[in-house]
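For reference, the structure discussed in these notes is given below.
Values below: all heavy atoms of this structure, side chains included; hydrogens, waters and symmetry mates excluded. Whatever order the structure lists them in is the order used to number ligands and atoms, beginning at 1.
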Amino acid sequence: MTVIGLDDTDSRELGMCTTYVASRLAGDVAAAGGTVRRTLLIRLNPAVEHKTRGNAALAVHTDLPADHARTLAADRLDLAVDDPETNPGVAVADCEPEAVPPAVADFSRAAVRDYHEPADARALAREHGIDTLERGTGRGVVGALAAVGAYRAFGEWTHETIAYRERERWGTERDVDRDSVFAAAEGAYPTVWDTVDRVEGTAVCVPRTPCPVLYGIRGETPEATRRVARAIDSEPVARTHTFLTNQGTDAHLRPARASQIENGRAYRVDGTVVDGPGTVEGGHVFLTVRDDADLRCAAFEPTKRFRDRVRALRAGDRVTVCGEVADGTLKLEKFAVRDLTTTERVTPDCPDCGRSMESAGRGQGYRCRDCGTSADGKAERTVGRDLEEGWYEVPPVARRHIAKPLVRSGFDAPTHPER
Ligand code: ATP
């Protein structure tokens with residue numbers, strides 16, 4: 001078997017998409033008499049600044065001999081856009097995908113949660129006899145090698161069926177029938193998820209960038225994602241391709257204490273709300289969670305109705321927060337309510353007239369001047385909460401590719417999925 005990894009063929013301005021290059025390469029492999037066993041779409045560390053959009057890297061698994069596969073991959077790099085920010089890389093391993101060296105699988109896991117230097121990718125590839133090919137600065141070799149190790153590195157997989165546009169339409173407005181998207185999404189939920197956002201009224205499966213993708217359908221099984229893709233009415237579809245992917249798995253999150261967090265990585269931290277939540281100009285919501293250190297968390301305006309869930313938190317609530325850290329602030333993707341505060345300490349009311357008492361002086365309790373009644377200290381009042389225990393998440397319009405939607409199984413508490 002041969003594993004071909006590739007990355008970094010597109011740019012924000014000039015379009016293209018590495019999934020498309022991989023799909024065409026898979027077509028070339030088949031045309032050359034090879035069998036394509038699967039194509040992987042791997043989302044790497046979402047905090048990497050060089051990314052065009054979703055930090056994807058691709059791998060094609062085939063029985064074509066490695067040197068033949070390498071030639072086809074090199075030829076397909078002609079699809080890569082000519083942009084100084086586009087630096088394609090290819091890595092070709094002559095082995096079973098599940099038998100890549102453990103060090104390469106470790107490299108993949110770290111590429112999802114951390115950072116690598118291209119020089120380290122080259123050295124590791126050389127050490128294990130993995131052939132590499134580069135254009136430009138060759139930065140893409142990081143993602144290419146990560147894609148080669150991914151099948152061994154990860155255990156949780158989902159699927160995406162992508163429909164591509166005819167070439168002459170690239171960069172023009174997409175013609176996709178919205179009603180057919182909503183109907184197909186409704187019929188296949190929850191096996192297929194994040195196709196639409198029902199509250200925002202958005203077909204989130206249709207991108208807005210100049211790339212060749214018409215729509216991408218994500219879900220648990222390839223049969224279901226293909227079925228939904230087929231049910232959508234649209235402009236002509238040039239080709240479709242179904243990928244095995246680590247999207248929707250939370251592979252980027254690592255459990256940590258608040259004192260351990262670093263910028264540019266994503267975490268899952270347990271703590272207690274100690275401050276906030278407060279809303280600032282622009283509609284962003286901030287709060288502080290305390291673990292072994294204080295951790296500032298944010299729900300930014302694009303997370304829409306999720307901010308209402310965050311605003312419903314109160315000091316004293318025990319939570320688990322998840323998201324990427326930038327500038328010392330954790331950008332919330334989801335959180336779990338572990339324990340809700342149900343009482344608060346308030347100034348007591350007078351038992352006779354019912355009005356609020358006044359302080360009788362420092363440490364001297366409270367009294368009602370009119371009635372002469374007194375109280376030793378604050379009173380406890382039950383507070384109504386419009387949150388429940390369990391997980392809350394950003395809506396589909398704000399979902400990161402790699403983030404696990406709550407409609408999927410495997411969460412450690414009840415879930416409140418957004419759709
Ligand atoms: P698309 O998915 O649409 O092809 P993209 O968002 O994946 O675009 P790329 O153009 O592939 O973005 O750019 C990402 C670059 O960052 C690649 O060169 C890749 O090798 C590199 N990269 C990815 N993950 C890491 C990492 N963890 N550390 C260092 N570099 C990385």
Side-chain angles (χ1 to χ4, degrees), residues 4-25 39-60 73 76-77 79-91 104-125 130 132-150 153-154 160 162 164-165 170-171 207-216 218 241 243 245-247 251-254 262-266 324-325 400-402:
I4 319 163
L6 78 159
D7 196 10
D8 209 335
T9 64
D10 59 358
S11 87
R12 238 168 257 171
E13 288 72 33
L14 300 177
M16 188 40 64
C17 176
T18 310
T19 70
Y20 179 77
V21 181
S23 169
R24 296 299 303 267
L25 174 59
T39 316
L40 303 188
L41 163 51
I42 305 300
R43 298 292 177 174
L44 304 175
N45 184 350
V48 163
E49 62 180 292
H50 311 294
K51 69 178 183 179
T52 308
R53 284 179 302 272
N55 205 7
L58 278 293
V60 177
R76 264 303 156 205
L77 285 189
L79 283 173
V81 297
D82 188 10
D83 182 314
E85 287 303 307
T86 301
N87 295 292
V90 170
V104 178
D106 290 345
F107 182 90
S108 301
R109 279 185 286 266
V112 174
R113 295 184 170 189
D114 221 312
Y115 291 86
H116 288 304
E117 288 300 325
D120 295 335
R122 287 181 197 113
L124 185 65
I130 296 172
T132 58
L133 200 102
E134 303 178 12
R135 301 277 190 273
T137 69
R139 193 197 297 131
V141 74
V142 172
L145 189 63
V148 165
F154 300 107
E160 176 163 358
I162 299 182
Y164 296 99
R165 315 184 71 190
W170 295 359
R208 298 205 177 106
T209 52
C211 76
V213 175
L214 185 56
Y215 48 82
R218 299 174 177 189
H241 199 98
F243 299 88
T245 162
N246 68 343
Q247 290 170 167
H252 62 317
L253 297 179
R254 53 172 127 188
E262 289 177 78
N263 290 329
R265 284 115 182 132
E324 175 193 319
V325 175
R400 317 198 79 162
H401 303 288
I402 200 165

Q. Among all protein non-hydrogen atoms, which one is nearest to atom 30 (N) of ligand 1, and what is the separation to 0.1 Å?
A. Val142 CG1, 3.6 Å
Q: From the options Asn45, Asn55, Leu41, select the one whose nearest heavy atom is closest to atom 23 (C) of ligand 1.
A: Asn55
Q. Less than 4.5 Å apart, any side-chain heavy atom of Leu58 and any of Val21?
A. no
Q: Can you sort out which atoms of ligand 1 are near Ala111, meaning under 4.0 Å from one of its heavy atoms?
A: 27 (N)
Q. Quick one: does Val112 get within less than 4.0 Å of ligand 1, heavy atoms only?
A. no
Q. Any side-chain heavy atom of Leu133 sitting closer than 4.5 Å to one from Leu77?
A. yes
Q: May I ask you to say whether Asp10 pairs ionically with Arg53, meaning some side-chain N is under 4.0 Å from a carboxylate O?
A: yes
**Q.** Identity and separation of the nearest protein heavy atom to atom 9 (P) of ligand 1
**A.** Thr52 OG1, 3.6 Å
Q: Could you pull out, from Asn87, Asp8, Ile42, Thr209, the option with a heavy atom nearest to atom 18 (O) of ligand 1?
A: Asp8
(Q) For His241, run the side chain to side chain contact (heavy atoms under 4.5 Å, CB included) check against Thr19, Ile162, Thr39 and tell me which one passes. (A) Thr39
Q: For the residue pair Thr9 and Leu79, establish whether any side-chain heavy-atom pair is separated by less than 4.5 Å.
A: no
Q) Starting from atom 27 (N) of ligand 1, which protein heavy atom do you reach first, and at what distance in Å? A) Asp114 O, 2.8 Å
Q. For atom 20 (O) of ligand 1, which of Arg265, Arg43, Arg139 has the closest heavy atom?
A. Arg139
**Q.** side-chain contact (heavy atoms from CB on, under 4.5 Å) evaluation trace for Val142 with Val48
**A.** CA-CA 11 Å; Val142 172; Val48 163; over 6 Å; no
Q) At what distance is the nearest protein heavy atom to atom 16 (O) of ligand 1, and which residue and atom is it? A) Val48 CG1, 3.7 Å
Q.
Ring-plane angle category for Phe107 and His116, please: parallel below 30°, perpendicular beyond 60°, tilted otherwise.
A. parallel
Q) Among protein heavy atoms, which lies nearest atom 2 (O) of ligand 1, and at what distance? A) Ala56 CB, 3.1 Å
Q: Please identify which atoms of ligand 1 are closer than 4.0 Å to at least one heavy atom of Gly143.
A: 19 (C), 20 (O)
Q: Flag the pair Arg43 / Arg400 as yes when at least one side-chain heavy-atom distance between them is below 4.5 Å, and no otherwise.
A: no
Q: Enumerate the atoms of ligand 1 whose separation from the nearest heavy atom of Gly54 is less than 4.0 angstrom.
A: 6 (O)
Q: Any chance you could measure Thr245, atom OG1, to Leu40, atom CG, to the nearest 0.5 Å?
A: 8.5 Å
Q.
I'd like to know if Asp7 contacts ligand 1, where contact means a heavy-atom distance under 4.0 Å to any ligand atom.
A. yes
Q: Could you tell me which atoms of ligand 1, counted from 1 in the order shown, lie closer than 4.0 angstrom to a heavy atom of Gly140?
A: 18 (O), 20 (O)
Q: Identify the protein heavy atom lying closest to atom 28 (N) of ligand 1, giving its residue, its atom name and the separation to 0.1 Å.
A: His116 N, 2.9 Å
Q: Give the single entry among Asp10, Thr19, Thr18, Val81 that approaches atom 1 (P) of ligand 1 most closely by any heavy atom.
A: Asp10
Q | Distance, nearest 0.5 Å, that separates CG of Asn246 from CG of Leu44 | A | 7.5 Å
Q | Tyr115 neighbourhood, listing ligand 1 atoms whose heavy-atom distance to it stays under 4.0 Å | A | 27 (N), 28 (N)
Q: Using a strict cut-off of 4.0 Å, indicate which atoms of ligand 1 neighbour a heavy atom of Leu44.
A: 23 (C), 24 (N)
**Q.** Between CG on residue Asp114 and CZ on residue Arg265, distance to nearest 0.5 Å
**A.** 4.5 Å
